[in-house]
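Just so you know, residue 1 is the first one in the sequence shown, and it goes up from there. Atoms considered below: every heavy atom in the structure, side chains included; atoms not considered: hydrogens, waters and symmetry mates.
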Amino acid sequence: MQAPLGGARNRLRMWQVISFVMNTRTLLLLLGLGLAWPSSSPANSTAADPKFWSQWRGPLASGVAPLADPPLTWSETNNVKWKVKIPGFGTSTPIIWENRVFILTAVPTGKKVEPKEPAAAAPPPEPAGNPEGGQRRGRGGGFASEKPTESHRFVVLCLDRATGKVLWEKTAREEVPHEGHHRDHGYASASPVTDGKVLVAHFGSRGLYCYDLEGNLKWEKDLGDMRTRNGFGEGSSPALHGDTVVVLWDHEGEDFIVALDKNTGKELWRTPRDEPSGWCTPLIVEHAGRRQVIVNATGKVRSYDLANGRVLWECAGQTANAIPSAVAAEGVAYVTSGFRGSALQAIKLDGKGDLTGTDAILWSHNRNTPYVPSPLLFGDALYFVKGNEAMLSCFEARTGKPVIDGERIEGIRGVYASPVAARDRIYLLGRDGATVVLKKGSKLEVLATNKLDDKTDASIALVGRELFIRGHQYLYCIAE
């Protein structure tokens, strides 16, 4: 009896060793890429395939492209695979699926017509101030554009990834917007999202649209007109998981978060909210067998059950104008804001009810947090900028221990774009067309500083051996 049992044990040990070696090699590869096995995963993750950047924060919804290997250096005359002028204006991030690039834009038509009147105005809110800090005023007494009188075409573009050639163009709607926007942005600030079957494009008050990847309209949904604080405009992107599309609708009127069937546009649930104007994009994450929708906001961060829209937990503690989207991994969500104060909270995903002031908040921080850019979660490192400045911090995600704390990065001025990462590199794009590439580590090590001629506010997309930068005028494909 001992011999057969011993032989079986030896064979079992042999397979255990083989399995261990294979898993160890895979684990070492992931660790080399700055990743770890997550106990919480983003929706529709395509991390194992280098052909996708399916949503504005990438395949992991964290800013990381784990299998991408984009160029280190470029300029207007070096490593530009193609450069295409985009009609109109927008600051949404380009989305890539295999050989196609999708981008949204708002194109003035030159037609001057009377704008439709908005709903009765709410009492004037407290001024939101300057997104770059302070209370400076521009022409017209503020940072919002004048009330529009020119119609715009709200356009979805599909380009060939290899050449930049336009494969198709669809005008979702043409109309005069009912209110203006922040002078630094426009009417196409929300990024589209795709799962390879549908493309969901959100133009806010101009409607939500669902296309197949050939540009055929499947359905559209009008959710009404927003009235944003100070007329700063709209910018929350839709989120997609499985057959469910989630849209956030925070403004100076009746707020809600809504889920729709991606195939039909049928409303699945709608949950009322009570928040001032918001520009956060919902994060859908799966944890302990449940799918949560995490939304940052001025009043409270909230988590909703994707199945029915019920609030799972909520937590106060963010600043006014809480714009950055959350990132999550290993059962923890990291939420930041940085207008008129600073807030960073690491919140356990398995909490219930009101978590304010409880031990569900693993750690927090109140300095040098971002206003507009979302944080980057790169393995066990959480990177974020101060306000909208080129001052970078890096914290240990598990412990909250500072590794880099608000250090100035030379070579860029002003930051709206969220940082992204691939391999052992962090790409930080400034508003003046310059990108600083940093080495992941405990010290700020600049690997390269690259400059384009265009102004740049949209976040970078990293796919395979390419990166895509959307400027105010051009879309660049950068490749060696």
Quiz prompt | Whether over 12 other heavy atoms sit under 6.0 Å from Asn308 CG | solution = yes
Practice problem: Please confirm whether Arg173 makes a cation-pi placement over Phe154, using NZ or CZ under 6.0 Å from the six-membered ring centre and within 45° of the ring normal. | Solution: no
Quiz prompt | Side-chain touch Val293/Leu283, heavy atoms, less than 4.5 angstrom | solution = no
Quiz item: Does the side chain of Phe384 reach to within under 4.5 Å of the side chain of Pro370, using non-hydrogen atoms?
Solution: yes
Practice problem: Determine the minimum heavy-atom distance between Gly471 and Thr456, stating which atoms define it. | Solution: CA-CG2, 4.0 Å
Quiz item: Between Tyr427 and Trp74, what is the ring plane arrangement, given parallel below 30°, perpendicular above 60°, and tilted in between?
Solution: parallel
Practice problem: Could you please spell out the steps behind the side-chain contact (heavy atoms from CB on, under 4.5 Å) verdict for Phe203 and Val156? | Solution: CA-CA 10 Å; Phe203 289 103; Val156 183; 4.0 Å; yes
Exercise. Fit a plane to each ring of Trp249 and His202, take the angle between them on a 0 to 90° scale, and name the class: parallel (under 30°), tilted (30 to 60°) or perpendicular (over 60°).
Key: tilted
Exercise. Give the C-alpha distance, both sets of side-chain angles, the deciding distance and a yes or no for side-chain contact (heavy atoms from CB on, under 4.5 Å) between Leu438 and Tyr383.
Key: CA-CA 11 Å; Leu438 304 164; Tyr383 290 87; over 6 Å; no
Quiz prompt | Beyond-backbone contact of Lys348 with Leu355, side-chain heavy atoms, under 4.5 angstrom | solution = no
Quiz item: Do Gln345 and Gln318 come close enough that some side-chain heavy atom pair is under 4.5 Å?
Solution: yes
Quiz item: Can you check side-chain contact (heavy atoms from CB on, under 4.5 Å) on Leu475 and Val101, steps first, answer last?
Solution: CA-CA 10 Å; Leu475 176 64; Val101 181; 4.1 Å; yes
Quiz item: Under a 4.5 Å cut-off applied to non-hydrogen side-chain atoms, are Leu248 and Arg273 in contact?
Solution: yes
Self-check item: Whether Trp363 and Phe395 hold their rings parallel, tilted or perpendicular, with breakpoints at 30° and 60°
Solution: parallel
Quiz item: Can you name the closest pair of heavy atoms from Asp195 and Gly242 and give their distance?
Solution: OD2-O, 4.1 Å
Self-check item: Presence of salt bridge, Lys440 and Asp424, under 4.0 angstrom
Solution: no
Exercise. Heavy atoms only: give me the nearest Arg229-Pro276 pair and the separation to one decimal.
Key: NH2-CB, 3.4 Å
Practice problem: Return the minimal non-hydrogen interatomic distance between His251 and Ser277, and the atom names on each side. | Solution: CA-OG, 3.6 Å
Practice problem: Any chance you could measure Leu240, atom CG, to Leu260, atom CG, to the nearest 0.5 Å? | Solution: 11.0 Å
Quiz item: Ion pair present between Arg408 and Glu389, side-chain N to carboxylate O less than 4.0 angstrom?
Solution: yes
Practice problem: Give the minimum heavy-atom separation between Val247 and Leu223, together with the two atoms involved. | Solution: CG1-CD1, 3.9 Å
Quiz item: Between Asp380 and Arg398, is there a salt bridge with N-O shorter than 4.0 Å?
Solution: yes
